[in-house]
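Some notes on the structure that comes next.
Remember, it's a predicted structure, so these values are computed and weren't measured experimentally. The first residue of the sequence shown is numbered 1, and numbering continues consecutively from there.
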Amino acid sequence: MTDDASTRPTVHALLADGTTVCIRPVTPGDHDQLEGLYEEMSPENLRLRFFAASRRSAAMAADRACASSRPGYRALLAETKSQVIGLAEYDAGDDKDSAEISIAVADGLHHRGIGTLLVEHLVSAARAEGITSFTADALSENHEVLQLFADLGLRTARRFEGPEVRCTVELDETDNYLSAVEARGTCANIASLEPLLRPATVAVVGAGRKPGSVGRAILHHLHTGGYAGRLFAVNPRATSIMGVPSYPSISALPKTPDLVVVAVPSAGIPAAAEECGKVGARALLVITAGLDSEQAQALMAACRTYGMRLVGPNCLGITNTDSDVSLDATFAADHPRPGTAGVAVQSGGVGIALLDGLSRLGIGVSSFASLGDKYDVSGNDMLQWWESDGRTDLALLHLESFGNPRAFSRTARRVTRRLPVLTVDAGRTDAGRRAAASHTAAAATRTMTRRALFTQAGITATHSCAELLETAALLHSQPLPTGTRVAIVTNAGGAGVLAADACAEAGLAIPPFTPQMVDDLLAVLPEGAAVGNPVDATAAVTEEQLSECVDGIMRYPGIDAVVLALVPTAVATATGDDLVRALTGGPGRRTRTAIVIRMEQDLPVRLLPASGGGTIPSYAEPQAAARALAHAAHRADWLSRPAGTVPDLENVDTPRAHAVAEAFLAAHPEGGWLDPRTCADLLACYGVPQLAWAWAETEDEAVIAADRLRGADGRVVMKAHWPGLVHKSEQHAVHLDLRGDTQVRAAFRDFATRFDGLLTGVLVQPLARRGTELFAGVVQDEVFGPLVLFGLGGTATEVLADHAARLAPLADQDVHDLITAPRCAPLLFGARGNGPIDLEGLEQLLLRLSRMASDLPQLAEADFNPVLATPGGISVLDARVRLLPRRPQDPYLRRLR
């Protein structure tokens with residue numbers, strides 16, 4: 001147990017059966033419990049653990065774990081309700097790279113994932129200390145521990161030595177390991193949510209005898225909504241409320257509740273939570289708002305101590321419309337319509353709007369969670385529930401904050417491949433914090449960070465609840481378009497023009513038809529029809545004619561979706577509904593995405609019944625229809641791409657990079673900007689290509705450097721430097737196009753005069769050849785982790801704001817998206833007759849920048865501007881890096897909030 005280990009925070013995590021366990025470092029006060037852990041083991045388990053059944057082993061093992069701190073040793077224990085149930089430890093001894101590991105789990109508690117969870121936490125701690133492998137000796141008959149190592153997801157080798165097995169476990173953070181941890185976490189999480197979303201017994205604390213209380217409203221919803229389990233009220237002044245039996249306290253209930261709904265004043269929350277925990281409740285739904293910090297801490301302490309999952313506080317409630325449960329523990333005005341959309345929100349008002357909208361559309365909800373202040377259960381939890389519940393085919397989120405965005409992103413990437421995940425991008429106008437004055441920090445707004453998360457995870461991000469419902473209607477009812485090519489058919493030319501404008505503005509294409517297709521359409525439409533996409537079928541079109549027209553377009557391979565823009569007229573014999581049938585009827589027509597625009601309808605979006613079953617969305621506004629169709633096309637494009645992998649990089653020296661960072665922070669405990677030489681050393685650890693340069697502190701040194709670095713044209717550049725200088729151009733701290741020793745000396749003297757008292761030296765570089773100036777950087781977001789930015793560079797990079805961003809670590813697909821997203825992208829691919837730049841070199845630069853940010857939590861920001869891009873290569877002309885004293889955080893380590 002090292003000093004560092006003793007200060008590591010206590011965390012709580014879920015076991016395989018959904019129960020909560022505390023993981024913390026061992027302290028000397030744990031000696032008696034640890035000794036008892038071993039003494040209570042059966043002789044057989046003692047033999048498997050110590051290779052002998054000696055009772056002296058218990059005291060020796062406890063002495064070892066509780067001994068004074070020593071380098072290279074760490075011990076973690078698992079406890080529940082203050083009872084130690086497991087211990088895992090590693091000891092590196094004098095070896096800096098490898099450590100020996102051992103595990104012990106209390107008798108009767110095997111196969112619940114205690115040992116695996118402890119090992120995962122030891123793996124994370126060992127990596128942070130630079131340990132790269134674990135070794136363990138076990139008896140060959142100890143199948144449980146051998147299986148534990150085999151199932152970790154890490155590369156494991158076995159060597160048999162007589163009756164013993166020597167296991168070596170490599171601690172590389174591979175995607176296989178992350179997937180294994182994620183799978184274990186998902187199973188545990190779903191099990192923990194069962195008492196919350198599928199409770200066999202529910203109690204409502206705070207249900208008043210008279211109408212008007214929130215608790216009574218929830219009790220009424222549970223009672224009238226057909227809840228399938230046992231229902232109780234808790235009220236010391238009543239024996240029955242609305243026909244529901246009532247008891248004076250939680251402890252007086254005849255049956256232990258799985259879920260307790262708490263709707264009492266904030267002062268009563270801690271006591272209520274403590275009582276719920278003591279009787280064995282498994283989940284809490286706290287409706288109450290306005291908890292102060294002391295009440296909040298007491299609530300969470302009770303939940304963690306007794307292993308209760310918590311929704312809220314300050315929330316609308318939860319719903320599960322599965323007929324086996326019929327749980328409606330909300331105080332919304334009406335019961336939600338059963339259906340297939342999962343909904344999780346932080347705002348109760350948004351939740352009501354979405355419940356009403358989904359019910360009106362006929363989509364309905366499978367389950368709903370108003371997360372409120374989100375102390376525990378989060379959007380990530382709900383995504384995992386919907387992924388596995390067998391009922392949800394559409395997920396809608398409204399999240400105002402993210403507790404662990406990288407874990408959320410990893411879950412969402414998996415879930416969005418199975419079902420659409422939509423969100424409202426709330427808080428878009430918040431420019432977020434701006435860490436320092438670098439280009440990177442100035443460009444990296446919170447809006448950009450959230451959008452990067454959504455884009456990489458395949459989440460459909462909308463700007464409003466209305467747009468969310470409009471898009472949900474299309475994704476629920478129609479097949480995805482295979483591309484962005486749209487055919488517009490209308491019975492009024494003006495409506496077609498509006499639809500075409502809306503589609504074009506949403507990024508959709510309106511391609512012309514082939515001559516043969518034009519002839520085919522004219523043959524079935526009334527005289528006077530215009531066939532140019534939009535197709536103006538005229539006000540005289542009949543249902544039969546329109547149906548033949550739509551049939552032809554649906555068979556046409558050059559179109560991915562059909563938009564029918566209709567206006568009611570008194571000319572044709574067919575009504576508006578008749579014309580809609582032209583789009584919804586007929587064999588095989590659902591192979592193309594189809595939507596309707598009816599500007600006279602009273603609701604923004606409806607789902608109309610289609611002939612032969614199913615529905616079709618109808619929109620009142622062309623813009624809404626086009627936005628929804630564009631979102632569907634983007635989802636189809638995202639699904640068509642490979643998931644992407646993080647490439648292995650050559651010439652990366654991570655240990656040396658850590659040493660450079662640690663040495664700098666040892667000399668600068670508060671952190672700061674690296675000096676040019678340290679910056680170059682760090683970049684060299686990742687193979688970042690830099691333009692040649694030399695450091696000079698005197699006029700003569702500058703002349704010598706210039707003579708050495710001059711190219712064929714003899715010109716050099718000189719840049720002033722002092723600690724804290726970020727924007728050299730704004731300070732006029734750059735001299736370009738210096739020829740000969742005289743100009744070099746004059747430039748140095750100018751800097752020395754103007755920056756007297758600041759200047760610590762100058763950088764001398766050859767004048768770079770012409771090329772495209774780009775910008776690349778990274779900023780470490782406190783919540784989201786490292787964000788990589790890329791775009792047009794030079795002195796106007798912030799003014800032009802032509803940037804794109806993705807969260808690190810970058811997969812190969814992320815790098816492609818990052819390069820193609822900015823408006824300047826055509827310049828990189830050879831626009832205006834120039835040859836394409838070295839795209840492979842640019843990809844490598846961004847991947848290496850991402851790797852550096854992922855390896856070094858101390859990296860607060862990095863700023864490469866300009867990056868010179870030419871067909872012959874990529875080179876960083878100017879680099880700035882800022883480090884801060886930060887400890888590594890493992891975003892994928894299993895732990896509760």
Side-chain angles (χ1 to χ4, degrees), residues 1 5 10-67 73-91 99-123 125 134-152 156 158 160-167 169 184 188 305 307 894:
M1 180 175 59
T10 295
V11 300
H12 292 82
L14 297 172
L15 298 179
D17 60 1
T19 56
T20 302
V21 67
C22 171
I23 305 291
R24 64 171 177 83
V26 173
T27 67
D30 298 315
H31 187 281
D32 290 348
Q33 280 216 55
L34 288 175
E35 188 172 356
L37 173 72
Y38 290 110
E39 287 179 341
E40 293 172 8
M41 285 185 181
S42 67
E44 177 63 11
N45 281 339
L46 278 176
R47 186 182 69 83
L48 292 175
R49 169 64 182 85
F50 297 111
F51 297 12
S54 171
R55 287 295 171 183
R56 293 184 59 242
S57 301
M60 294 171 61
D63 289 345
R64 170 188 168 89
C66 297
Y73 178 78
R74 177 156 301 188
L76 296 176
L77 61 77
E79 66 179 359
T80 178
K81 297 180 182 177
S82 300
Q83 179 66 41
V84 174
I85 59 174
L87 172 70
E89 49 195 328
Y90 70 69
D91 193 347
E100 188 167 358
I101 185 175
S102 61
I103 310 154
V105 175
D107 275 13
L109 297 179
H110 293 201
H111 308 294
R112 292 178 61 187
I114 297 169
T116 300
L117 184 61
L118 282 167
V119 171
E120 287 179 14
H121 281 255
L122 279 187
V123 167
F134 281 159
T135 59
D137 292 321
L139 293 174
S140 58
E141 60 192 285
N142 193 348
H143 303 297
E144 288 186 0
V145 75
L146 294 176
Q147 193 64 47
L148 185 155
F149 290 134
D151 292 343
L152 281 174
T156 303
R158 296 181 182 181
F160 289 86
E161 300 172 352
E164 298 179 15
V165 183
R166 181 75 168 175
C167 297
V169 181
R184 291 190 287 266
T305 298
R894 284 199 285 156

Shortest non-hydrogen contact from [X] to [Y]?
| X | Y | result |
| --- | --- | --- |
| Leu77 | Leu118 | C-CD2, 3.8 Å |
| Asp137 | Glu100 | OD2-OE2, 3.8 Å |
| Leu122 | Leu76 | CD2-CD1, 3.7 Å |
| Leu146 | Arg158 | O-NH2, 3.2 Å |
| Cys22 | Thr10 | SG-CG2, 3.1 Å |
| Cys66 | Pro28 | CB-CA, 4.0 Å |

[Y] side chain reached by [X] side chain, heavy atoms, under 4.5 Å:
| X | Y | result |
| --- | --- | --- |
| Thr116 | Glu120 | yes |
| Val119 | Ile101 | yes |
| Glu79 | Ile23 | no |
| Glu89 | Arg74 | no |
| Arg47 | Glu141 | yes |
| His121 | Val11 | yes |
| Leu148 | Ile103 | yes |

For salt bridge (charged side-chain N to carboxylate O under 4.0 Å, His left out), just list the numbers for Asp151 and Arg184, CA-CA rounded to whole Å, side-chain angles, deciding distance to a tenth of an Å, and then say yes or no. CA-CA 10 Å; Asp151 292 343; Arg184 291 190 287 266; over 6 Å; no
For a ring-ring contact (aromatic ring centres under 6.0 Å, His included) check, start with the C-alpha distance between Tyr38 and Phe50, then their side-chain angles and the critical distance, and finish with the verdict. CA-CA 10 Å; Tyr38 290 110; Phe50 297 111; 5.2 Å; yes
Once rounded to the nearest 0.5 Å, what's the spacing between atom [atom1] of [X] and atom [atom2] of [Y]?
| X | Y | atom1 | atom2 | value |
| --- | --- | --- | --- | --- |
| Asn142 | Glu164 | CG | CD | 11.5 Å |
| Leu48 | His143 | CG | NE2 | 9.0 Å |
| Leu109 | Asp17 | CG | CG | 9.5 Å |

Would you say [X]'s side chain and [Y]'s backbone share a donor-acceptor pair under 3.5 angstrom?
| X | Y | value |
| --- | --- | --- |
| Gln33 | Val84 | yes |
| Arg894 | His12 | no |
| His110 | Val105 | yes |

Report the residue from Glu44, Glu40, Met41 that forms a side-chain contact (heavy atoms from CB on, under 4.5 Å) with Asp107.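 Among Glu44, Glu40, Met41, the one that satisfies the side-chain contact (heavy atoms from CB on, under 4.5 Å) with Asp107 is Met41.
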Could you please spell out the steps behind the side chain to side chain contact (heavy atoms under 4.5 Å, CB included) verdict for Thr20 and Thr80? CA-CA 7 Å; Thr20 302; Thr80 178; over 6 Å; no
Just do the side chain to side chain contact (heavy atoms under 4.5 Å, CB included) check on Arg64 and Tyr73 with the steps written out, would you? CA-CA 10 Å; Arg64 170 188 168 89; Tyr73 178 78; 3.9 Å; yes
Could you please spell out the steps behind the side chain to side chain contact (heavy atoms under 4.5 Å, CB included) verdict for Val21 and Ile114? CA-CA 8 Å; Val21 67; Ile114 297 169; 5.6 Å; no
Assess the residue pair Tyr90 and Phe134 against the criterion (ring-ring contact (aromatic ring centres under 6.0 Å, His included)); give the C-alpha distance rounded to whole Å, side-chain angles, the decisive distance to 0.1 Å, and a yes or no. CA-CA 8 Å; Tyr90 70 69; Phe134 281 159; 5.5 Å; yes
Run the side chain to side chain contact (heavy atoms under 4.5 Å, CB included) test on Leu87 and Val26 for me, step by step, so that the C-alpha distance in whole Å, both residues' side-chain angles and the decisive distance to 0.1 Å come before the verdict. CA-CA 9 Å; Leu87 172 70; Val26 173; 3.7 Å; yes
With Ser140, which residues qualify under side chain to side chain donor-acceptor pair (under 3.5 Å), at least two apart?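 Ser140 satisfies side chain to side chain donor-acceptor pair (under 3.5 Å) with no residue once adjacent residues are dropped.
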Would you please name every residue forming a side chain to side chain donor-acceptor pair (under 3.5 Å) with Asp30, sequence neighbours left out?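 Listed in chain order: Arg24, Thr27.
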Does the pair Ser57 and Arg49 meet the rule for a side-chain hydrogen bond (donor to acceptor under 3.5 Å, both in side chains), with working shown? CA-CA 10 Å; Ser57 301; Arg49 169 64 182 85; over 6 Å; no
